[in-house]
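Order of the sequence lines fixes the chain letters, A, B, ..., with proteins taken first and strands second; residue numbering starts at 1 for each chain.
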Amino acid sequence: MSEEAAALQELTEQKYKYGFVSDIESEFAPKGLNEDVIRFISAKKNEPEWMLDYRLSAYKRWLTMEEPTWAKLHYPKIDFQDAFYYSAPKSKTDGPHTLEDVDPEMLRIYEKLGIPLHEQEVLAGVEQRRVAVDAVFDSVSVVTTFKEELSKVGVIFCPISEAVHAHPELVKKYLGSVVPDTDNFYATLNAAVFSEGSFVYIPPGVRCPMELSTYFRINAANSGQFERTLIIADAGAYVSYLEGCTAPQRDENQLHAAVVELVVLDDAEIKYSTVQNWFPGDENGKGGIYNFVTKRADCRGKNSKVSWTQVETGSAITWKYPSCILRGENSVGEFYSIAIANNYQQADTGTKMIHLGKNTSSRIISKGISAGKAQNTYRGLVSINARADGARNFTQCDSLLIGDQCGAHTVPYIQSKNPKAILEHEATTSKISDDQLFYCLSRGIPTEEAVSLIVNGFCREVLQQLPMEFAVEAQKLVGLSLEGSVG
Amino acid sequence: MLEIKDLHVNVFGKEILKGLNLKVPPGEVHAIMGPNGAGKSTTSYTLAGRAGYEVTKGEIDFFGEDVTGLAPEERAARGIFLAFQYPLEIPGVSTMNFLKTAMNSQAKIRGEKELNAAEFLRAVRAAAKELNISEDMLKRPLNVGFSGGEKKRNETLQMALLKPKLAILDEMDSGLDIDALKLVAEGVNKLRSPDRSFLVITHYQRLLDYIVPDVIHILAGGKIVMSGDKSLAVQLEQNGYDAVIAKAA
């Protein structure tokens, strides 16, 4: 504790460097946030004027906003002038040279997750050998092959900073159209300072020929602090996108605020899966990422569909509500969530289903697992507009408690302005009982595996929604996240 | 094979078993009968190694090894199986998946090769067929929504696949009507073999009409007060526990 206090003191005593002149050549912006930092980020990305204006206007707006405090989360007040907002990716040569240089604890987890060796190297940031020992393991060529296959059908998939230059008409049209830069404190902050993220455009009638996960895992293991993702499925298009990674990810930056926008036009569908495993802090609650995420899908078209699936196991603080605006007639929104909080983790997560169009339907399946001294809250809104005739929602919120020092909370908001809407809400809270555990033990299943088995059973409906290749890893992750929670 | 020597067990600080002695040779079926509160369930939980059942004195020898200090999963891997009076439900986990996890966990503890998917499937299907258990039941979540009879048959299936050397049946007949009881007993009888012993723990004599024991022990006040052949059960049925125990004392 005293170490922490000393560190805090040191930080608060540090003088802010207002009015510095940005140096384009430098690799990171100084601590703190002001217009110069934003100009610096924009200049680093060589952005056009309109993009800079977008950022600056968001920044001005942000200055007038206050941090939301309604979530059931407790953490020391964040000093936003005490964070870094831009740092270039670390030079590869600074990284570990072989897997032997990597933290053995990380390697143990990779192995338990069954991640292939070559991917372990990428994930751990091992410097890539110039000459690939095994051609099959040359991830660069794999990525190139993917890119060719995608461009054949007209799918655009690139970093958002690249899209700003290559596809300004699409970016201008859609960026901020789902999550406006005035939306909320963290989204507005993101609009001002985002530096990484993905851009996806699926042209009309195209079914994306691959899960965009495969590519992502190999190519973008180094995802960032203020990510900005924009995915557009044009009429009749389909894409399945997977973000994140089962492998534990560490980041020097404690503050994360990502924004994801999905635009779904007539008859189109986006399936968006997330596995979030940022560093959760140690077993004493020290460290860990603060993750404030705004994810929203706009089902603009008729018969459009969005399905959010999330497995949230990491971060010290999770504040995240992937939502659907069901604007188009017959549009469908789905939210499948597993949120695991162990030790001192706190999660406040859920969804918003905003029914605007006729015959829109939504389905919410949330599984919250709390262990240790963790607090886990489901917070969700189902809102039915007066004109949304025939709207339907089904919500199921299940909580599982492990031990007697954790908490599970369910806060559903249901607002219906249409008398004909049909809404169903089911909620359960259960515990892993000693009897259940002993039953497994008596069959020869050791405690940790027994917990993993029981919890995976509890989450089954959600795990089934994940892309096949990932479901297996996610299952293992569920068990791993709860290591040491019993006995 | 199983030899319990002067076993004293505390549960929540209270002594329940007070010097239990018992020997079960390979291939034999022994029944433990006794009135409520005699320590029947404590005996089965202690043998399986449940936490909270504290052995204060004595030992449990299993094939010459003192297993008193071993964890439940270690005992299971050595061949001790407990069929529960009230089998637990595990939502979302199919019977199939549970069985596979259990078999592979035991193999791992014993340092044996785990079964691959095909070998496992073959084994389960064969055992299920033998015990008249439907494919559908194997796919359903473990014991969830199962009838009393289905739960007990599922215990029998687990026994068939885990191939224990000692099977402890704790009040196998509770919650079963006579037809279900016959079916379960039939399953158990199929699993009798010269290298497998059974310890049948029951309050009522009726189970022993279907699973016929070689020896019957009467447990009262935390120890065995009387042992005899199957006619002992008939005596109990006719005269009640009190009279028989009084005679023994």
Please determine, among [options], the option with the most heavy-atom pairs under 4.5 Å with chain A.
options                           : answer
Y45(B), F81(B), F84(B)            : F84(B)
M103(B), R75(B), E155(B), K108(B) : E155(B)
P91(B), A77(B), S94(B)            : P91(B)
G49(B), P87(B), A71(B)            : P87(B)

By a 4.5 Å heavy-atom criterion (distance strictly below it), what part of [X] contacts chain A: side chain, backbone, both, or neither?
X      : value
L99(B) : neither
E74(B) : neither
L82(B) : both

*For L88(B), does its backbone N or O pair with a side-chain atom of Q436(A) as donor and acceptor, under 3.5 Å?*
no
*Backbone of R443(A) reached by a side-chain donor or acceptor of Q106(B) within 3.5 Å*: yes
*asked:* Report which part of Y439(A) has an atom under 4.5 Å of a heavy atom belonging to chain B: side chain, backbone, both, or neither.
replied: both
*Distance only, no hydrogens: is a donor on one side chain within 3.5 Å (strictly under) of an acceptor on the other, for E449(A) and S105(B)?*
yes
[X] atom [atom1]: more than 12 heavy-atom contacts under 6.0 Å:
X       : atom1 : result
K190(B) : NZ    : yes
Y86(B)  : OH    : no
R192(B) : CZ    : yes
K352(A) : NZ    : no

Nearest heavy-atom pair of [X] and [Y]: which atoms, and what distance?
X       : Y       : answer
S442(A) : P72(B)  : N-CB, 4.4 Å
A48(B)  : F438(A) : CB-CZ, 3.7 Å
L441(A) : A76(B)  : O-CB, 4.2 Å
N97(B)  : L453(A) : ND2-CD1, 4.1 Å
D435(A) : R50(B)  : OD1-NH2, 2.6 Å

*Intermediate values then yes/no, side-chain contact (heavy atoms from CB on, under 4.5 Å), C440(A) and I90(B)*: CA-CA 10 Å; C440(A) 295; I90(B) 306 188; 3.7 Å; yes
*Should V93(B) and F458(A) count as side-chain neighbours, where that means a heavy-atom distance under 4.5 Å?*
no
